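Notes follow the structure.
So that the names make sense, note that chain A is the first sequence line, chain B the second, and so on, each numbered from 1. On a predicted model such as this, the values are computed, not experimentally measured, just so you know. All heavy atoms count here, side chains included; hydrogens, waters and symmetry mates do not.
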4 protein chains.
Amino acid sequence: MPASSTRVRVRYAETDQMGVVYHGHYFVWFEIGRVELLRQSGFDYKQMELADGCHIVVVEAACRYRSPARYDDELLVETRVAAVRQSALKSAYRILRLEPGADSAPKLLAEGETTHVVVDGQMTRALLPEKYLAALRG
Amino acid sequence: MPASSTRVRVRYAETDQMGVVYHGHYFVWFEIGRVELLRQSGFDYKQMELADGCHIVVVEAACRYRSPARYDDELLVETRVAAVRQSALKSAYRILRLEPGADSAPKLLAEGETTHVVVDGQMTRALLPEKYLAALRG
Amino acid sequence: MPASSTRVRVRYAETDQMGVVYHGHYFVWFEIGRVELLRQSGFDYKQMELADGCHIVVVEAACRYRSPARYDDELLVETRVAAVRQSALKSAYRILRLEPGADSAPKLLAEGETTHVVVDGQMTRALLPEKYLAALRG
Amino acid sequence: MPASSTRVRVRYAETDQMGVVYHGHYFVWFEIGRVELLRQSGFDYKQMELADGCHIVVVEAACRYRSPARYDDELLVETRVAAVRQSALKSAYRILRLEPGADSAPKLLAEGETTHVVVDGQMTRALLPEKYLAALRG
């Protein structure tokens, strides 16, 4: 199954008064990972919405937080396709912090999953066009 | 000119690691004030977008921050129409904190302005329908 | 076990280009519900952080989306304590849309849960002070 | 005066139901530009907060929107120091969209300014340490 890895840097706006990233923002990073996985699988989510009128909407999302992300941290968003059918898609994610020392392994901060269904512009259930399905099956 | 006042409570998600509200969120409160001013003037921004295909987009926004808003503060968003033409609209805002003591005046936290133009669904300049214009002129 | 219900109105800033609320924002509504449940149980999360140096951090969060929330919808956030121990707390949520007709039942849009642990200012595991524990046990 | 340029890609979460980026998010991009300008001038805003207890808070922010940013656009955030004193700092920004064709010039989407003062951890006015001042004067 396809997998991808992309980097994000924690923004000041993403922190809260505990001094760590607000937990809701991890789902935005998951979305960034998902879009990059699609891009690396050879298709463009923007074009899929525009050209095929096809949207992938979230029906379930979960995150388990191990250790907090902090302002200016450089993070790795690892994404993989966990399951794919013509009408639904499941992705799994890991958020890791890149440690400054060159020989330190990245530290796992959070793990999560999202489940998606395919809909058209009227939010009616639809099927993923075959070309995307093939790409996601890797 | 019409004016309105509405209340918001500061959300944890709106704070940053300085322990105060992140400055970008004030513009969201301005938008809440603007929508409530429209509602109190007798029209519904949601319907205006849906039924008339008319959108009010921001072309300029500014805020001056006097004193920080903090988590769980109860705020007053005061909004007034500062200028209105058929193709453009200017609003002015004040954000005040309601002080716990019954006899304390609310404390001014920030002031700002936004300027808007009217566009259709294709983002082309349009004119505000007459019924809305009349309401906004008060 | 204590339960509470509070209202939020969907902000324009919370929508995305699908024309519905971005899925990450539901976790902000869960947090609003949680804070209101605490308030209705007789304590103030802000004071708990300030006076007792006690923070409730999220270690797990999940949401299942049934039907999309849209701009300007009036929502009901129903929150209940699902489990409480001195070092951990689990809450459950339902997001419902208030339907315009007076005799329509609110429509269920989403359900979720969050699990929390108690930490001090240095993010070290701590115990919930007894007074809060009693309130949360109802 | 120091100037810097950094790239951001528009996130789905940043769009609204008009199909364009919500105007409040431009201030987050300005902040990203500011932090990168500081980094390129040789200092680290995170360390400045941690080691020197020095915070740069926004007292004024403004943005003029020329053309909307859209989902997945690659943007250039150009930042320059517009004025610097030991107690205050003014930055200016331009947001441009990188056009797909290699020979197209980036398109200007927005311009803005922010004014900042230096405060300590108690939000009391303070002076910028000399080492930072020198870096910002370029």
Top contributor to chain B interface from D:H25, D:Q17, D:M18 [non-hydrogen pairs under 4.5 Å]: D:M18

Whether over 12 other heavy atoms sit under 6.0 Å from D:K46 NZ: yes

B:R137 atom CZ, neighbour heavy-atom count above 12 within 6.0 Å: yes

Top of B:E31, B:R66, B:E113 for chain D proximity - count of heavy-atom pairs under 4.5 angstrom: B:E31

Result of checking B:V59, B:V58, B:V57 against D:H23 for side-chain contact (heavy atoms from CB on, under 4.5 Å): B:V58

Side-chain touch D:P68/B:M123, heavy atoms, less than 4.5 angstrom: yes

Closest contact, heavy atoms only, D:F27 versus B:Y22: O-OH, 3.9 Å

